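Model, not experiment: these values are computed from the prediction. Both counts, for ligands and for their atoms, begin at 1 and track the order of listing.
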Amino acid sequence: MIISVASGKGGTGKTLVATSLALTLSGTGKVQLLDCDVEEPNDQVFLKATITQSESVSIPVPRVDKSRCTYCGKCAEVCVYHAIAVVKQVVLVFAELCHGCGACGYLCPEGAISEEEREVGVVEVGGSGGVDFVQGRLNVGEAQAPPVVRKGKEHTSREGTAIIDVSPGTSCPVVPAVEGSDFCLLVTEPTPFGLNDLALAVELLRKLDIPCGVVLNRAGVGDRQVEEYCSRERIPVLMSIPLNTQIAVLYSRGIPLVEGMPEWRQSFLKLFGKIREAVFARSR
Ligand code: SF4
Ligand code: SF4
């Protein structure tokens, strides 16, 4: 079963939920945690996994052969990302903007464009505490997160449970990260901002036809609008984590909740049971 853990906005406690769920399940069978929040992967801060393998992630970017180029401008015309420009007798490639789609090379009438690989990030594989760990890391200053997410997800195992920590929000890297999930947990907080971003995330998941449920973090801090929204939209609130100083201190020290407060393991086991029931009910 593949469970993604997402949030409409950052800082809601997504990492806390993903790491504690993975560690709780580690005693019950094969568990994988894939940190696909590649712009800011921080599950490793809590898991402290031993990394045993690292692979580079690159995308193909165009290289122009000046001896063949006639400066016709077709490559610039076709690039919707404005990653290539023709200015008089010069072709400029803005590699950071290039999505590696290959259209410019395909349509160049002179065959003047070849491709060269440019590294945008790495995927690391390791393990800790019975959890198989994978994390994607986007290189500093890079914008092309989806290829790193996709490379990380190539390691997803269908055996046991795979938990995918997704980037916050509803931007480009979120779609490849949640795609293929059997269920998505949305971690939110009971504030107007939390509600606004939760509704956007729910809309995205409905378009992708992925069932979801909510974990309410810092419960008690705001109002009841998130719960009312969930009830209206028939989205189950599967767990509540109260605003609690001890939980905040553990988080600030990089200690997983279920290690610092083992009594929470039972709650995470119940959470997993509810997800499993929802997934099985849907497949019937
Ligand atoms: S399409 Fe090819 S020939 Fe035309 S400007 Fe671009 S690289 Fe040069
Ligand atoms: S490979 Fe695609 S994104 Fe990159 S410069 Fe060419 S057309 Fe633009």
Side-chain angles (χ1 to χ4, degrees), residues 4 6-10 34-42 53-125 134-156 164-181 184 197 200-201 203-205 207-210:
S4 46
S7 62
K9 73 180 196 69
L34 297 102
D35 196 344
C36 289
D37 185 356
V38 301
E39 282 150 301
E40 209 175 333
N42 54 10
Q53 191 189 322
S54 177
E55 54 190 293
S56 170
V57 184
S58 58
I59 60 170
V61 296
R63 180 168 49 189
V64 178
D65 180 347
K66 285 184 198 162
S67 67
R68 300 178 83 163
C69 179
T70 58
Y71 307 101
C72 68
K74 284 212 166 55
C75 51
E77 269 171 43
V78 79
C79 183
V80 292
Y81 303 106
H82 307 294
I84 191 162
V86 182
V87 185
K88 291 185 181 166
Q89 301 288 291
V90 182
V91 180
L92 298 167
V93 176
F94 304 103
E96 293 76 18
L97 300 179
C98 176
H99 283 54
C101 70
C104 54
Y106 185 72
L107 291 168
C108 170
E110 307 300 330
I113 296 180
S114 57
E115 289 177 339
E116 59 188 354
E117 293 295 315
R118 192 174 71 86
E119 188 189 89
V120 292
V122 291
V123 167
E124 294 167 326
V125 179
V134 178
Q135 73 170 353
R137 279 197 294 115
L138 191 66
N139 288 350
V140 175
E142 287 295 343
Q144 302 306 327
V148 184
V149 172
R150 280 192 284 269
K151 193 76 176 173
K153 280 192 71 181
E154 285 176 10
H155 292 268
T156 310
I164 297 175
D165 192 344
V166 179
S167 299
T170 47
S171 60
C172 287
V174 175
V175 175
V178 295
E179 262 177 346
S181 301
C184 182
D197 297 334
L200 292 173
E203 206 179 308
L204 174 70
L205 291 170
K207 284 199 173 118
L208 295 171
D209 195 26
I210 296 171

Tyr81: numbered ligand 2 atoms lying under 4.0 Å from its heavy atoms
3 (S)

Which atoms form the tightest heavy-atom contact between Leu34 and Lys153, and what is the distance?
CD2-CA, 4.3 Å

Show the nearest heavy-atom pair for residues Leu138 and Gln144, with the distance to one decimal.
CD1-O, 3.3 Å

Tell me whether atom 4 (Fe) of ligand 2 has Cys104 as a neighbour, meaning an N, O or S atom of it below 2.8 Å.
no

Look only at the side chain of Arg118 and the backbone of Ala95, and say whether a donor-acceptor pair between them is shorter than 3.5 Å.
yes

Report, in ascending order of atom number, the atoms of ligand 1 lying under 4.0 Å from any heavy atom of Ile113.
7 (S)

For His99, the atoms of ligand 2 under 4.0 Å from one of its heavy atoms are 3 (S), 4 (Fe)

Please check this pair: side chain of Asp165 against backbone of Pro41, looking for a donor-acceptor N/O pair closer than 3.5 Å.
no

heavy-atom search around atom 2 (Fe) of ligand 1 in the protein gives Cys108 SG, 2.4 Å

Below 4.0 angstrom from a heavy atom of Glu110, which ligand 1 atoms are there? Numbered from 1 as shown, please.
3 (S)

If we count only N and O atoms by modelled type, under 3.5 Å, do the side chains of His155 and Gln53 hold a donor and an acceptor together?
no

Residues Glu203 and Lys207 bridged, charged N to O under 4.0 Å:
yes

Is the shortest distance from a Lys or Arg side-chain nitrogen in Arg68 or Glu110 to a carboxylate oxygen in the other one below 4.0 Å?
no

Find all atoms of ligand 2 within a distance of less than 4.0 Å from any non-hydrogen atom belonging to Cys79, and give their numbers and elements.
3 (S), 5 (S), 7 (S), 8 (Fe)

May I ask you to check whether Cys75 brings an N, O or S atom to under 2.8 Å from atom 4 (Fe) of ligand 1?
no

For Glu119 and Ser58, does a side-chain donor sit closer than 3.5 Å to a side-chain acceptor?
no

Mark up the atoms of ligand 1 that fall under 4.0 Å of a heavy atom belonging to Cys69, in ascending order.
3 (S), 5 (S), 7 (S), 8 (Fe)

Atom indices of ligand 2 within 4.0 angstrom of Pro62 heavy atoms, with elements
5 (S)

Specify the protein heavy atom at minimum distance from atom 1 (S) of ligand 2: its residue, its atom name, and the distance to 0.1 Å.
Gly102 N, 3.2 Å

Heavy-atom contacts with Tyr71 under 4.0 Å: which atoms of ligand 1 show up? List them by number with element.
5 (S), 8 (Fe)

Atom 4 (Fe) of ligand 2: nearest protein contact (heavy atom, Å):
Cys98 SG, 2.3 Å

Which atom of Phe94 lies closest to which atom of His82, heavy atoms considered:
CD1-O, 3.8 Å

Under 4.0 Å to a heavy atom of Gly73 - the qualifying atoms of ligand 1, by number
4 (Fe), 5 (S)

